[in-house]
Amino acid sequence: MPLPIAVLASGNGSNFQAIQDAIESHLIPVKIVKLISDNPGAYVLSRAQKHKIQTSVYERKSFPNKESFEKAIVEDLKKSKAEWVLLAGYMRIVSSILLDAFPNKILNIHPSLLPSFPGLNAIQQAFDSGVKTTGCTVHFVDEGCDTGPIIAQTRLEIRPQETLDSLTQRMHEQEHLLYVQVLQWICEGKIKVSERQGLVS
Ligand code: GRF
């Protein structure tokens, strides 16, 4: 039985695509049972539909508060029977409603070596800062912004002739590999969480 997962995404969905491609290439025994977006215009919705993956859209503005918004998402996720929830370019901080419904089962990918450069425009933040090394991080989600226990990171040198575009492209390539790798470890039962760190055994 493939591992049922759901993906939450707000935009382009290249990470979603990388996971789905890995599934279709039989690299990981996973099934995306649901794609949820908070943005009705997100390109990730077309990607999911193309692969006949069920989609739902929940716009924050259609709900009176964050609590009811997340409750609707949780209900949908539970119905889908997803066991893990992967944030992939989901542009919202999640609250305890979602976290408590999937304890230690929600992951995020972020394009920096956390805890450096959390938040928006992380690739640009690193590029502008002059650091020589950046990278990407997969971590458990908590109520902070890009603060949960870190599971895995890939390092990326910023080359002397690097442009923001070239760095962004190389970053996405590494993100796609890393998220699939972490899913592989999940399938193998290798991921655990301690107070500070996500552990890979
Ligand atoms: C990625 O860089 C991810 O790390 C960040 O948002 C971006 C989403 O890209 N959280 P995509 O929508 O998967 O192409």
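Hydrogens, waters and symmetry mates are skipped; everything else that's a heavy atom, side chains included, is used. Indexing begins at 1, ligand by ligand and atom by atom, following the structure's order.
- Looking at Gln169 and Asp165, their side chains never bring a donor and an acceptor atom within 3.5 Å of each other.
- In terms of protein heavy-atom proximity, atom 12 (O) of ligand 1 is closest to Gly13 N, 2.7 Å.
- Heavy atoms of Ala9 come nearer than 4.0 angstrom to ligand 1 in no pair at all.
- Residue Ile123 places no N or O, backbone or side chain, under 3.5 Å from any N or O of ligand 1.
- Between the side chains of Asn65 and Ser68, a donor-acceptor pair is found at a separation under 3.5 Å.
- Backbone and side-chain nitrogen or oxygen atoms of Ala88 are examined, and none is located within less than 3.5 angstrom of a nitrogen or oxygen of ligand 1.
- Heavy atoms of Met171 found under 4.0 angstrom from ligand 1: none, in either backbone or side chain.
- Taking a cutoff of 4.0 Å between a charged side-chain nitrogen and a carboxylate oxygen, Glu75 and Lys71 do not qualify as a salt bridge.
- Some N or O of Ser14 is nearer than 3.5 Å to an N or O of ligand 1, by distance alone.
- Residues Phe102 and Tyr90 are members of one and the same hydrophobic cluster, defined by side-chain heavy-atom contacts under 4.5 angstrom among Ile, Leu, Val, Met, Phe, Trp and Tyr.
- For Asp142 and Thr147, the side-chain atoms include at least one donor-acceptor pair closer than 3.5 Å.
- The protein heavy atom nearest to atom 4 (O) of ligand 1 is Glu175 OE2, 2.2 Å.
- There is no side-chain donor-acceptor pair under 3.5 Å between His139 and Gln153.
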